[in-house]
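Values reported hereafter were calculated over all heavy atoms of this structure, with side chains retained and with hydrogens, waters and symmetry mates removed. Protein chains get the first letters and strands the later ones, always in sequence-line order, with residue 1 at the start of each.
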Amino acid sequence: MPEMTYAQAIDHALGQAMAEDPRIVVFGEDVVMLRRELYVRFGPRRVRQTPISEAAFLAMGVGAAMAGLRPVVEIMMVDFIAVAFDALLNQATKIRAFSGGKWNVPLVVRTSCGGGYGDGGQHEQCLWGLISSMPGVSVAVPSNPQDAASLMISCLQSEDPVVFMEHKLLSDYWRDYLGGGSRKTVAFDVPENGRIGKVEIPVKPFPPGKGKVVRKGEDLTMFSLGVGVHRCLEAAERLEEKGIQAEVVDLRWASPLDRELITSSAERTGRVLVVDEDYSAYGLSGEIAAVLAENGLRPAFGRLGTEGVIPYDVRREAKVLPNAARIEQAALTLASV
Amino acid sequence: MPEMTYAQAIDHALGQAMAEDPRIVVFGEDVVMLRRELYVRFGPRRVRQTPISEAAFLAMGVGAAMAGLRPVVEIMMVDFIAVAFDALLNQATKIRAFSGGKWNVPLVVRTSCGGGYGDGGQHEQCLWGLISSMPGVSVAVPSNPQDAASLMISCLQSEDPVVFMEHKLLSDYWRDYLGGGSRKTVAFDVPENGRIGKVEIPVKPFPPGKGKVVRKGEDLTMFSLGVGVHRCLEAAERLEEKGIQAEVVDLRWASPLDRELITSSAERTGRVLVVDEDYSAYGLSGEIAAVLAENGLRPAFGRLGTEGVIPYDVRREAKVLPNAARIEQAALTLASV
Amino acid sequence: MRMSAETVPVEELYRQMCRAREFEMALARLWEKGLISGEMHLGIGEEAVAAGVVAHLREGDAICLDHRSTPPLVARGVDLEALVLEMLGDPEGLCCGWGGHMHLFSREHLACSSGIVGSSAPLGLGFALASQYLETGGVAVAFFGEGAMNQGMLLESLNLAAAWRLPLVLVCKDNRWAITTRSRTVTAGNLARRARSLGVPARRVDGTRVDRVWRAARWAVERARRGRGPSFLLAHCPRREGHFLGDPMLRVYRDPLGQVLEIAPPLLRSLLARPLSRLASRVRCLGQIGATLGALGLELLLEADPLERSGRLLEPSMRARVEEEARREVEEKVMRAMERRVSRA
Amino acid sequence: MRMSAETVPVEELYRQMCRAREFEMALARLWEKGLISGEMHLGIGEEAVAAGVVAHLREGDAICLDHRSTPPLVARGVDLEALVLEMLGDPEGLCCGWGGHMHLFSREHLACSSGIVGSSAPLGLGFALASQYLETGGVAVAFFGEGAMNQGMLLESLNLAAAWRLPLVLVCKDNRWAITTRSRTVTAGNLARRARSLGVPARRVDGTRVDRVWRAARWAVERARRGRGPSFLLAHCPRREGHFLGDPMLRVYRDPLGQVLEIAPPLLRSLLARPLSRLASRVRCLGQIGATLGALGLELLLEADPLERSGRLLEPSMRARVEEEARREVEEKVMRAMERRVSRA
Ligand SMILES: Cc1ncc(C[n+]2csc(CCOP(=O)(O)OP(=O)(O)O)c2C)c(N)n1
Ligand SMILES: Cc1ncc(C[n+]2csc(CCOP(=O)(O)OP(=O)(O)O)c2C)c(N)n1
Ligand SMILES: [Mg+2]
Ligand SMILES: [Mg+2]
């Protein structure tokens, strides 16, 4: 099992799949440079650079998928999907139903998300809640290299639209591009196990919608995604020192949610804390609360998310995004219930 | 108190406000005909027809609001907001924060929503959940003429972006346009008290984010919005015959939610049923569940929403959208807990 | 590029036009009876454009349609019974009753549609890309109205099709109206030039003359098939049944008294709303509304019916035969569909 | 329309250019020191465009900016200390540390910006609409890059501005690049013609010559002020500091060895990935990447610095004085901002 960075793992999985399946094509802005290794390996027909026309080229992905290709369409940052939202909301996710189940759209939207590097509120959003509120789309949010590789394969095998979200803080080239790498004067709070790790080769898919218990515990369960998982693990360590055993669940998919894992873990620990880098309201924490409640579970419940616009100032940003200290605090409050 | 239809009430309130405040301008597609009474009264400078360029003209609304106007921008159906989503997600709702609180965007987005007339899955969505998942925007969803008029005034007085959603099934001209009025051969299931009613004049605003108990009961609470409120009331009548006293809450605003009313009513009845014409997942029902849970309330909980794409076939459509029979059934199940 | 008239398959083209017309008139009747729900947009007036373009397509070619999708689907050979049943919301319909008239999909014909104005063009890019990539020699055709030419994703698509040299034919059906809006009042410049400036060669054509449409489309489709990239056809055609069935503006002509009694009183109230300032301006606005209605009425009177104009290309007896055959075929199919529906209900 | 050179306020224009340049160089140093976070896009190379356009604005005029917003803000007279403090994320910054370099807002100057490519144009429509409606005689200016000219909302905005005759000046800063993409490879047709076809009169101008920009902008702003509607300026200018600070493509030139050692091995692996088919094609792709880097390098070498070119319009001693004054002013402001920051930290 070779060691790879998070970004290498994704492109490795993509390369593996492209070598096997000639229907896979990749397009988006700047992909010749961003995916230069795939470009050199697979050529200009399969890795193609677009104009800054997200609305047109995301819908082009929908059409191409209907026509039999397996497009991987890159939206550089998930924030920008707003200009192309129609392709997801009214086309990609509707066509299986509209055609009476006769036509499907195997489209992978690859995008980056998340903050922690000081870009401010228009470039650091997560939006997995917003996207998951549409029926008909799956949303994968890997938190480490192995998951990133395997979830990419899962996405490429999906017969329906999926959004694959790469967390910028875990991806070396994004950290580098977005104001990091060329200077030694900034340091980001990058979770080591998210940044780099062993990846099994050949990469195998993980089942869609399945999360994973990444830390066992009896006193409360933390549910999270992406970088949040690492923040939870950090908090769990601290809580352990205080005699609290926190379970940490990496949901891996914002949609479909792993209802079984959510209910079974919550039932066991009796306390639930949702840690969500995305906006709190109308999001992951709400959906988890509803899943618990409609299954008749009544754990103590708390949630930590991003409230409102993410500030530019890195000091305030660090306080606004869920961090280990805030998680610890929230968990202590919950544990005392 | 004159009697008005739902649509008359909205335009009456808008006309009242336009007469008082010259900063209010209205634009969107076909507004010369759709708002012809306002057009004749206030002229072509204040009621202006746009090209089919939602992305540009919704963002134009943002700029105009920043420049001191009070634009009411019409997006014909909320489904179409997908092509203009950036103006909401990355501009309107961000600018107060981005400017350090120094600049605000008093923008009213007026749009229609909802189904029940057989137009199918791309034109009957509600999407109040999706929109409420963005911080920084309020969402008003009136269920009757008085509320429609008063909430329109509240929206026009807001210093920040609001989305005003007019339910098509309650609006006579929409019912007429969308395949109804000119033929006597179709009948829609239109709630009478939503369609027409008395309106206090001059119209006064209702406080933002405040819902209303529209029917008292002790056995369970139904929370809903728009047409759903009437479906709940219908179900509540039937439940009464079976000895169950259902409370019905018209939330009026999808955002901000009336947390106080939600918690106080749920605490009293101990059973909660969310009835939501919008998609179930990652929506209103989840947010309510989270509000309850984080307040330490553990009522029995159920939800009824739209699962997946709305079918074209009116018979299936009627089953998919929450109706009195489904609500009654769900309430009975809850009541037996 | 000009070819002699003989090569135009006029009979076949006219047959497709008649089939589309008969079919949509049947739909209108079903709609009036309340058997079809929702907004029903007919393509009556667009038959020559549909027939003239679709005639050049072969297996593996794709069509992406807007809210007036019936005529191209009929011309493309989609089963009429399945279409009727779909309109009725029947589980045996083309889309099992899930799509309805704004969302008709036939995978077998690579035909899709969408009610979001402008979206047919970027969806067409996708089919064109697949043809280019798989080297099938296939082309994609996107149909849309002149109102859609102001929708961003459509403008983006013109550029992208040109930049990538995609085999896409963009067909703009210019009926001058977008619902109640006269498109020229909100559209700057001219649409053919607009397409050219985005790198797409363009031709204008009289969309009521099927022979002309056919020739222009041959140019466009052949270009695409030979790998020479996208092209744009601007076809003028009338909007004979208003925006949708039951169009309130059309009703003013068809039921003047009823409509005026309904529309006029509130307008009068507006005219006289207090404070009674700016009366002159108000009168002007009222006049504007009248002028818009007037323009619509005038066009209804003056604009040619493509069936009339294109029918003249055939000699009368043949024309009558073609019309009769189309009428019978459609009648039969609709009848059979209704029977299937009833027998299962 | 041509005016004699004397009327161009060259000294003032050059002063604004120098202020912008000095200011951004100071920002670059702060960024290198790690005091400014995130992606920092400088407008170095765009100073003549900023100065030449903004010089025509007066109170009540609005500017809508993209991700390279500093030069126009400096030229517009926004307080430099507040700007520095904002970049540092300070509560006393222009936006209290909430906006940062991609989201700079000054209500007092009716200045806004956005990091979403293309959004400055439709925001500009709104300010222009307000001016038109309130009859203030104000105009709005939207700045954006040539890459943004493929974004749907911007194309829509051109049409809408023309259709409504809004007092909007659209300034396209054509630096030929969009991040790592050579814009001409993804853009069809020509941009001035594109604007014209959407109803907006257009002029091209050498964006390194502030006098020419000033003249073209006078035409555009005057048109708008007189109610004659929108106009489009296509100003060519160089991108001297790459896409953003620390641009990896630029680093190839500035630190060739380090970068090649980092980039080359994985590319080599791709070149030789099994199965080893299509080697020739792979070599060609590698060459393509090299060619893109080469084009960037060549432009860096060959393209004129607008300060160089515009500075020649002044006589040397005056030029030196202006430069010195700008340098001092900026140095002082930055210093004072740093002191304020430190004293409160
Ligand atoms: C994005 C979007 N905006 C608005 C609408 C509402 N709408 C439906 S058809 C139509 C007019 C379209 O005009 P045109 O493209 O000229 O087609 P026509 O109806 O004239 O055939 C409009 C505005 C829509 N369906 N989608
Ligand atoms: C809608 C959107 N898509 C993509 C991006 C990412 N992005 C930021 S700047 C940029 C290039 C813009 O090119 P251009 O408009 O020419 O401006 P320049 O950077 O050359 O000044 C891109 C693609 C974005 N910010 N917004
Ligand atoms: Mg039209
Ligand atoms: Mg550029």
S.K.: Counting only N and O atoms by type, is there a donor-acceptor contact under 3.5 Å from the side chain of Q8(A) to the main-chain atoms of T5(A)?
M.R.: yes
S.K.: Answer yes if the side chains of T70(D) and E24(D) hold a donor-acceptor pair under 3.5 Å, and no otherwise.
M.R.: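 T70(D) vs E24(D): donor-acceptor pair found between side chains.
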S.K.: Quick one: of S281(D), C95(D), G93(D), G99(D), who has the most non-hydrogen atom pairs under 4.5 Å with chain A?
M.R.: G99(D)
S.K.: Answer with side chain, backbone, both or neither: which region of D90(D) has an atom nearer than 4.5 Å to a non-hydrogen atom of chain A?
M.R.: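 Contact with chain A is through the backbone of D90(D) alone.
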S.K.: Sub-3.5 Å donor-acceptor pair from the side chain of S119(D) to the main-chain atoms of S114(D), do we have one?
M.R.: no
S.K.: Do the side chain of R316(A) and the main chain of G89(D) share a donor and acceptor less than 3.5 angstrom apart?
M.R.: yes
S.K.: Using non-hydrogen atoms and a limit below 4.5 Å, what part of residues 117-126 of chain A faces chain D?
M.R.: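 Checking residues 117-126 of chain A against chain D gives Y117(A), G118(A), D119(A), G120(A), G121(A), Q122(A), H123(A).
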S.K.: Between M149(D) and chain A, with a heavy-atom cut-off of 4.5 Å, which part of the residue counts as in contact: side chain, backbone, both or neither?
M.R.: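 Contact with chain A: none, neither part.
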S.K.: Above 12 or not: heavy atoms from other molecules or residues under 6.0 Å from CZ of R193(D)?
M.R.: no
S.K.: Sort by residue number and list every residue of residues 52-62 of chain A having at least one heavy atom under 4.5 Å from chain D.
M.R.: I52(A), S53(A), E54(A)
S.K.: Does atom CG (L257(D)) have a neighbourhood of more than 12 heavy atoms from anything else shown, all under 6.0 Å?
M.R.: no
S.K.: Do other residues, nucleotides or ligands put more than 12 heavy atoms under 6.0 Å from the CZ atom of R184(D)?
M.R.: no
S.K.: Under 4.5 Å, counting heavy-atom pairs only, tell me which of G246(D), G287(D), A148(D), S183(D) racks up the most with chain A.
M.R.: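 Most pairs with chain A among the choices: G246(D).
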S.K.: For the pair R183(A) (side chain) and W31(D) (backbone), establish whether a donor and an acceptor sit closer than 3.5 Å, ignoring hydrogens and angles.
M.R.: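 Yes.
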S.K.: Which one, L286(D), I179(D), L271(D), leads in non-hydrogen pairs under 4.5 Å with chain A?
M.R.: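 So the answer, after comparing L286(D), I179(D), L271(D), is I179(D).
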S.K.: Whether the side chain of R194(D) engages the backbone of L191(D) through a donor-acceptor N/O pair (distance < 3.5 Å, no angle test) should be reported.
M.R.: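 No, the answer is negative, given that no donor and acceptor are paired below the 3.5 Å cut-off.
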S.K.: Chain A heavy atoms under 4.5 Å from I36(D): which part of the residue, side chain, backbone, both or neither?
M.R.: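 I36(D) touches chain A through backbone and side-chain heavy atoms alike.
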S.K.: Of R68(D), R239(D), E146(D), which meets side-chain contact (heavy atoms from CB on, under 4.5 Å) against K173(D)?
M.R.: R68(D)
S.K.: Under a 4.5 Å heavy-atom cut-off, does chain A meet the side chain of T181(D), its backbone, both or neither?
M.R.: both
S.K.: Can you tell me if D278(A) uses its side chain to pair, donor with acceptor, with the backbone of W128(A) under 3.5 Å?
M.R.: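 Pair found, side chain donor or acceptor close to backbone of W128(A).
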S.K.: Tell me, for R278(D) versus chain A, whether the close heavy atoms (under 4.5 Å) come from the side chain, the backbone, both or neither.
M.R.: side chain
S.K.: So for P248(D), is it side chain, backbone, both, or neither that comes closer than 4.5 Å to the heavy atoms of chain A?
M.R.: side chain
S.K.: Can you tell which part of P91(D) gets under 4.5 Å to a heavy atom of chain A, answering side chain, backbone, both or neither?
M.R.: both
S.K.: Specify which of V314(A), D79(A), T185(A) makes the most heavy-atom pairs with chain D at under 4.5 Å.
M.R.: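 Between V314(A), D79(A), T185(A), the count favours T185(A).
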S.K.: Of all the heavy-atom pairs spanning M153(D) and V83(A), show the shortest one and how long it is.
M.R.: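 For M153(D) versus V83(A), the nearest heavy atoms are CE-CG1, 3.7 Å.
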S.K.: Would you say the side chain of L34(A) lies within less than 4.5 Å of the side chain of Y177(A), judging by non-hydrogen atoms?
M.R.: yes
S.K.: Taking the ring centre of each residue, are H243(D) and H67(D) less than 6.0 Å apart?
M.R.: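 Under 6.0 Å, so yes.
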S.K.: Need one label for R269(D): side chain, backbone, both or neither, based on atoms under 4.5 Å from any heavy atom in chain A.
M.R.: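 The answer is neither part of R269(D).
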S.K.: Can the ring centres of H41(D) and H101(D) be said to be less than 6.0 Å apart?
M.R.: no
